[in-house]
Novice: 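Please see the structure below; I have some questions.
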Amino acid sequence: QPPIVVGTFPISGAQDVKPGEVEIRVRFSKLMTAGSWSWSSAWENSSPELTGQPRYEDDSRTCVVKAKLEPGRTYALWLNSEKFLNFTDQAGRPAVPYLLIFQTKEK
């Protein structure tokens with residue numbers, strides 16, 4: 001079975017995310033390939049400004065990237081997509097594509 005997303009921060013669908021510097025986190029159901037990921041925009045200008053390089057935590061299941069979130073915005077990121085499939089488990093299977101979408105609070 002391919003890996004799936006089992007949790008995110010912010011939670012997909014959240015409408016009250018605090019703007020500012022945050023760590024966007026995605027946790028997978030399986031051990032993932034180090035140094036391999038596909039964070040991609042859902043539509044033009046839907047991605048936050050990434051302020052660091054993605055990395056996996058020591059559990060090899062949680063990928064983290066630092067981002068700057070502006071107030072009053074809707075953000076959407078594909079974690080894998082039809083075109084980009086670089087989130088893979090350690091057996092080389094791409095993760096099922098997942099849409100992470102959330103809104104930030106107004107100032």
Novice: I'd like to know if the side chain of Y75 and the backbone of N45 have a donor-acceptor N/O pair within less than 3.5 Å.
Specialist: no

Novice: Considering all heavy atoms of both residues, which atom of T8 and which atom of V5 are nearest to each other, and what is their separation?
Specialist: CG2-CG1, 3.7 Å

Novice: Indicate the atoms forming the closest heavy-atom contact of K105 with P19, along with that distance.
Specialist: O-CG, 3.8 Å

Novice: Side chain to side chain contact (heavy atoms under 4.5 Å, CB included), that's the test. Do F102 and L69 meet it? Break it down for me.
Specialist: CA-CA 11 Å; F102 58 90; L69 304 180; 3.9 Å; yes

Novice: If you define the side chain from C-beta out and look only at heavy atoms, does anything of E70 sit under 4.5 Å from E49?
Specialist: no

Novice: Quick one: are L31 and R61 in side-chain contact, heavy atoms under 4.5 Å?
Specialist: yes

Novice: Can you check whether K66 reaches V22 side chain to side chain, under 4.5 Å on heavy atoms?
Specialist: no

Novice: Using a cut-off of 6.0 Å, state whether more than 12 heavy atoms not belonging to K30 lie near its atom NZ.
Specialist: yes

Novice: What distance do Q103 atom CD and Q15 atom CD have between them, rounded to the nearest 0.5 Å?
Specialist: 5.0 Å

Novice: Is it true that, when you exclude Q53 itself, more than 12 heavy atoms of the residues, nucleotides or ligands shown sit nearer than 6.0 Å to its CD?
Specialist: no

Novice: Side-chain contact, heavy-atom cut-off 4.5 Å: W37 with L79?
Specialist: no

Novice: Hey, does the side chain of S12 reach the backbone of I101 with a donor-acceptor pair shorter than 3.5 angstrom?
Specialist: yes

Novice: Tell me whether N80 contacts the main-chain N or O of A95 through its side chain, where contact means a donor paired with an acceptor under 3.5 Å.
Specialist: yes

Novice: Just wondering, do L100 and I24 contact through their side chains at under 4.5 Å, heavy atoms?
Specialist: yes

Novice: Look at the side chain of S46 and the backbone N and O of A76, then say whether any donor-acceptor pair between them is shorter than 3.5 Å.
Specialist: yes

Novice: So, taking the atom named CZ in F87 and the one named CD1 in I4, what distance separates them when rounded to the nearest 0.5 Å?
Specialist: 14.5 Å

Novice: What pair of heavy atoms forms the shortest contact from V17 to P10, and how long is it?
Specialist: CG2-CB, 3.6 Å

Novice: For the residue pair T88 and N86, establish whether any side-chain heavy-atom pair is separated by less than 4.5 Å.
Specialist: no

Novice: Evaluate the side-chain proximity of D59 to R27: yes if any heavy-atom separation is below 4.5 Å, no if none is.
Specialist: yes

Novice: Heavy-atom distance under 4.5 Å between the side chains of W39 and C63, does that happen here?
Specialist: yes

Novice: Nearest 0.5 Å, please: how far is CZ in F84 from OG in S41?
Specialist: 9.5 Å

Novice: What are the two closest non-hydrogen atoms of Q1 and D89, and how far apart are they?
Specialist: O-OD2, 4.2 Å

Novice: Is it true that R55 and E23 have a side-chain N and a carboxylate O under 4.0 angstrom from each other?
Specialist: yes

Novice: Working note: T33 + Q90, criterion side-chain hydrogen bond (donor to acceptor under 3.5 Å, both in side chains); need CA distance, chi angles, decisive distance, verdict.
Specialist: CA-CA 5 Å; T33 303; Q90 291 181 353; over 6 Å; no

Novice: Between CG of L99 and CG of L77, what distance do you get to the nearest 0.5 Å?
Specialist: 8.5 Å

Novice: Between F28 and W78, is there a shared hydrophobic cluster once you connect ILVMFWY residues whose side-chain heavy atoms come closer than 4.5 Å?
Specialist: no

Novice: So which heavy atom on S81 is nearest to which on S40, and how close?
Specialist: OG-OG, 4.0 Å

Novice: If Ile, Leu, Val, Met, Phe, Trp and Tyr residues are connected whenever their side-chain heavy atoms lie under 4.5 Å apart, and connections chain through other members, are Y56 and V64 in the same group?
Specialist: no

